[in-house]
Amino acid sequence: MNKILWAVLIGMGLLAPFVVYPVFMMKLLCFGLFAAAFNLLLGYTGLLSFGHAAFFGGASYVTGYLVKSVGLTPELGVLGGTLSAALLGYAVGSLAIRRQGIYFAMVTLALAQIVYFVALKAPFTGGEDGLQGIPRGDLFGLIDLGRVYTVGGSPLGLNLYYFIFFMFCLGFWIIYRTIHSPFGHVLKAIRENETRAVSLGYQVERFKLMAFVISATLAGMAGAMKSLVFQLASLTDVSWHASGEVVLMTLLGGVGTVLGPLVGAFTVVTLQSELSSVGSWITVIIGAIFVVCVLLFRRGVVGELSRLLKRPL
Amino acid sequence: MADYILETRKLSKEFKGFAAVSDVNLQVERGHIHALIGPNGAGKTTVFNLLTKFLTPTAGTILFNGKDITGEKPAQIALKGVIRSFQISAVFPNLTPLENVRLALQRSTGNSHQFWKSDRCLQKLEGRALELLDQVGLSGLAGEVTGELAYGRKRALEIATTLALEPELILLDEPTQGMGAEDVDRITSLVKRVSANRTILMVEHNLKVVSTLADRITVLQRGSILAEGPYAEVSRNPQVLEAYMGSEHV
Ligand SMILES: Nc1ncnc2c1ncn2[C@@H]1O[C@H](COP(=O)(O)OP(=O)(O)O)[C@@H](O)[C@H]1O
Ligand SMILES: [Mg+2]
């Protein structure tokens with residue numbers, strides 16, 4: 001993809017808080033990263049995980065706990081949450097990759113439900129209420145992430161925004177790099193024809209496990225970021241709904257495309273906030289939009305665009 | 001004594017009591033093109049799956065270069081230099097032919113686990129990949145979508161991908177199956193060309209191809225070896241004529 005496109009996207013990201021409500025923008029970034037991490041597995045390795053909320057939500061609890069109860073600085077909190085997702089990803093991945101197709105999805109779902117149960121019952125997770133009032137703290141003990149600047153009469157939490165934007169760029173860059181690495185090419189081969197990859201001498205279990213851990217780690221990073229943005233770690237983010245939502249975002253935007261998951265996540269999150277007034281009908285409406293999109297654009301929005309332009313996006 | 005690159009001893013495979021392969025003692029001489037023939041369902045593909053460990057034998061041993069490889073995993077067998085093709089063409093359909101071959105070349109670079117490195121380091125493999133594609137007559141199609149190629153071309157690509165790994169022993173499962181006469185000729189001469197300095201074990205139905213290529217033939221019937229020897233000898237064996245060749249014999 002060309003440099004101009006990237007420059008434009010980064011420029012938009014830098015200017016966004018002056019145009020869009022920053023908290024909303026940060027929510028987009030968190031879910032965008034979550035979906036991009038998920039897509040590394042579904043789109044580039046051909047593995048459908050139905051338990052990615054365990055990493056996203058799990059990490060948000062760990063970060064929340066580290067920052068609120070242990071008193072770590074936010075960057076260490078995010079680091080801790082991310083690492084916990086990596087470990088959990090290693091454990092879940094090791095068990096799940098022994099199975100194929102739908103059984104793989106079922107193992108991930110079952111293990112994610114255990115994480116949900118822990119989040120509900122453990123003494124340090126706040127049960128039904130979750131962890132509330134997580135402080136944003138001072139970055140490196142120096143920069144107050146809670147600080148609000150008044151720009152043109154409106155209060156903007158720019159410190160937090162740029163921290164989150166930086167983390168997003170870092171995570172997204174790691175995913176982009178992975179996709180376009182020698183390793184990423186082997187992942188695509190496994191997605192395309194696993195037995196052939198084996199017969200060429202690739203030990204596919206190792207590749208799948210590595211992909212799973214990378215994906216879980218970055219999904220965790222997204223969750224860790226989210227807990228700072230909303231100052232909350234809640235059951236919603238570890239529930240199977242969240243696991244399903246990320247599948248939906250990815251399919252909607254375009255599975256196996258670099259930008260698709262971002263487009264999908266932005267679309268779903270925007271719809272959810274625009275339509276929040278209609279109450280519980282929202283699920284039905286988003287479901288209907290999803291069905292229409294899948295029927296019209298089988299490869300997702302970006303997938304179809306990429307086919308029209310005859311270039312990978 | 002002849003130099004055998006591959007030997008099996010009493011190799012057997014049962015599927016729920018059904019003996020698909022029983023007591024097969026196969027000996028493949030280094031440098032030969034060895035054909036494995038037999039009627040449909042004789043167990044030829046199963047033998048290939050056992051040799052490459054895609055299936056685990058019920059009994060018996062497999063020796064490669066004199067070493068017991070019966071306990072190895074499929075990827076390890078490949079790393080030792082035994083590369084197979086599949087009866088149904090095995091390519092990476094959404095990648096280009098160039099990428100297909102490059103994936104095979106990439107394996108020996110040892111950078112396949114490096115997810116932090118740019119794939120620009122793979123560019124240096126492209127020259128060799130194009131050479132290999134050229135060898136099988138596909139250099140003009142290097143950038144196409146593999147899935148959209150004609151069947152015969154996919155099989156040719158499969159051979160190019162296999163060659164990229166510099167295998168000592170190539171197993172080809174019906175490389176000319178479902179092809180028109182022209183493609184059959186092309187694949188035949190291709191196999192002949194690539195057999196220099198290599199050993200090839202191939203399953204083949206087309207007896208013309210077998211008679212042109214094979215140094216030695218093993219006939220399999222209902223999981224057991226019925227006859228073995230040079231084409232001229234085997235094709236005169238009355239049991240073989242009755243069981244398999246029949247009127248097809250030319
Ligand atoms: N995975 C399997 N499970 C059960 N039976 C099998 C399996 N694979 C092959 N068979 C049986 O073993 C026999 C030999 O099959 P195969 O090796 O494919 O024959 P060939 O390649 O010689 O045509 C057939 O009867 C087939 O139905
Ligand atoms: Mg067969």
Side-chain angles (χ1 to χ4, degrees), chain A residues 1 37 40-41 43-46 86 98 170-171 173-218 254-258 299 303 306-307 310-312, chain B residues 48-49 51-54 73-86 88-96 99-123 125 145-147 154 157-158 161-162 164-167 170-171 173:
Chain A
M1 240 174 308
L40 182 62
L41 216 49
Y44 291 94
T45 321
R98 297 180 195 177
L170 177 67
W173 181 78
I174 293 173
I175 292 167
Y176 182 86
R177 173 45 74 239
T178 305
I179 292 170
H180 299 93
S181 70
F183 174 74
H185 285 275
V186 180
L187 294 187
K188 277 173 245 174
I190 293 171
R191 173 194 72 188
E192 294 283 303
N193 190 336
E194 187 174 333
T195 34
R196 183 54 170 166
V198 172
S199 77
L200 295 182
Y202 288 111
Q203 299 185 335
V204 300
E205 290 85 14
R206 247 193 246 171
F207 286 88
K208 285 182 179 178
L209 182 58
M210 271 177 75
F212 197 94
V213 172
I214 296 171
S215 172
T217 306
L218 293 163
V255 67
T257 61
V258 173
R299 299 152 206 263
S306 141
R307 196 168 61 110
K310 290 194 191 313
R311 54 182 292 190
Chain B
F48 268 29
N49 283 332
L51 293 177
T52 48
K53 290 307 297 297
F54 277 77
K73 290 206 174 98
Q76 290 168 325
I77 305 261
L79 292 171
K80 287 193 188 303
V82 183
I83 306 295
R84 70 174 297 184
S85 76
F86 293 82
I88 303 157
S89 90
V91 290
F92 303 117
N94 290 306
L95 309 181
T96 65
E99 287 171 318
N100 267 263
V101 177
R102 203 182 58 193
L103 268 159
L105 292 169
Q106 185 188 329
R107 202 203 65 201
S108 58
T109 63
N111 62 13
S112 293
H113 286 96
Q114 300 175 345
F115 62 86
W116 55 90
K117 209 167 163 182
S118 164
D119 55 8
R120 272 189 297 259
C121 65
L122 299 176
Q123 277 169 8
L125 302 174
V145 177
T146 299
K154 282 186 198 152
L157 173 60
E158 219 184 313
T161 311
T162 303
L165 296 162
E166 304 280 343
I170 302 181
L171 309 181
D173 198 349

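Proteins come first, then strands; the chains are lettered A, B, ... in the order of their sequence lines, and each starts at number 1. Since the structure is predicted, the reported quantities are computational estimates derived from the model, not experimental observations.
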Next on the checklist: Shorter than 4.5 Å, heavy atoms on both sides: which option in B:Lys80, B:Glu99, B:Arg102 has the most such pairs with chain A?
Outcome noted: B:Arg102
Checklist entry - Side chains of A:Leu200 and B:Phe92: does their closest heavy-atom pair fall under 4.5 Å? => result yes
Item to check | Flag side-chain contact, heavy atom, 4.5 Å: A:His185 against B:Leu103 | outcome: yes
Checklist entry - Taking side chain as C-beta onward, heavy atoms only, is A:Glu192 less than 4.5 Å from B:Thr146? => result no
Checklist outcome for this item: In short, B:Phe86 meets A:Thr195 closest at the heavy-atom pair CZ-O, 4.0 Å
Item to check | Considering all heavy atoms, the nearest B:Lys117-A:Ser181 contact | outcome: O-CB, 3.0 Å
Checklist entry - If we only count heavy atoms from C-beta on, is the A:Gln203 to B:Lys73 side-chain gap below 4.5 Å? => result no
Item to check | Proximity breakdown for B:Thr109 and chain A, heavy-atom pairs closer than 4.5 Å | outcome: neither
Checklist entry - Rounded to the nearest 0.5 Å, how far apart are CG of B:Leu95 and CZ of A:Arg191? => result 6.5 Å
Next on the checklist: Out of B:Pro74, B:Ala164, B:Ser85, B:Pro93, return the one with the most heavy atom pairs under 4.5 angstrom to chain A.
Outcome noted: B:Pro93
Checklist entry - If you count heavy-atom pairs under 4.5 Å between each of B:Leu122, B:Thr52, B:Ile83, B:Asn94 and chain A, which one has the most? => result B:Asn94
Item to check | Flag, side chain of B:Gln114 to backbone of A:Pro182, donor-acceptor distance under 3.5 Å | outcome: no
Checklist entry - With chain A, which of B:Gln106, B:Gln76, B:Lys53, B:Arg84 has the greatest number of heavy-atom pairs at distances under 4.5 Å? => result B:Gln106
Checklist entry - With A:Phe207, which residues qualify under ring pair (Phe, Tyr, Trp, His ring centres under 6.0 Å), at least two apart? => result A:Phe183, A:Tyr202, B:His113
Checklist outcome for this item: dist B:Trp116:CH2 -> A:Thr178:OG1 (nearest 0.5 Å) comes out at 10.0 Å
Item to check | Max heavy-atom pair count under 4.5 Å with chain B, selected residue of A:Ile179, A:Ile174, A:Val186 | outcome: A:Val186
Checklist entry - Any side-chain heavy-atom pair from B:Ser118 and A:His180 closer than 4.5 angstrom? => result no
Item to check | Contacts of residues 210-217 of chain A with chain B (heavy atom under 4.5 Å) | outcome: A:Met210, A:Ile214
Checklist outcome for this item: For B:Ala78 and A:Val198 the tightest heavy-atom approach is CB-O, 4.0 Å
Checklist entry - Does any heavy atom of chain A fall under 4.5 Å from the side chain of B:Ser112, the backbone, both, or neither of them? => result both
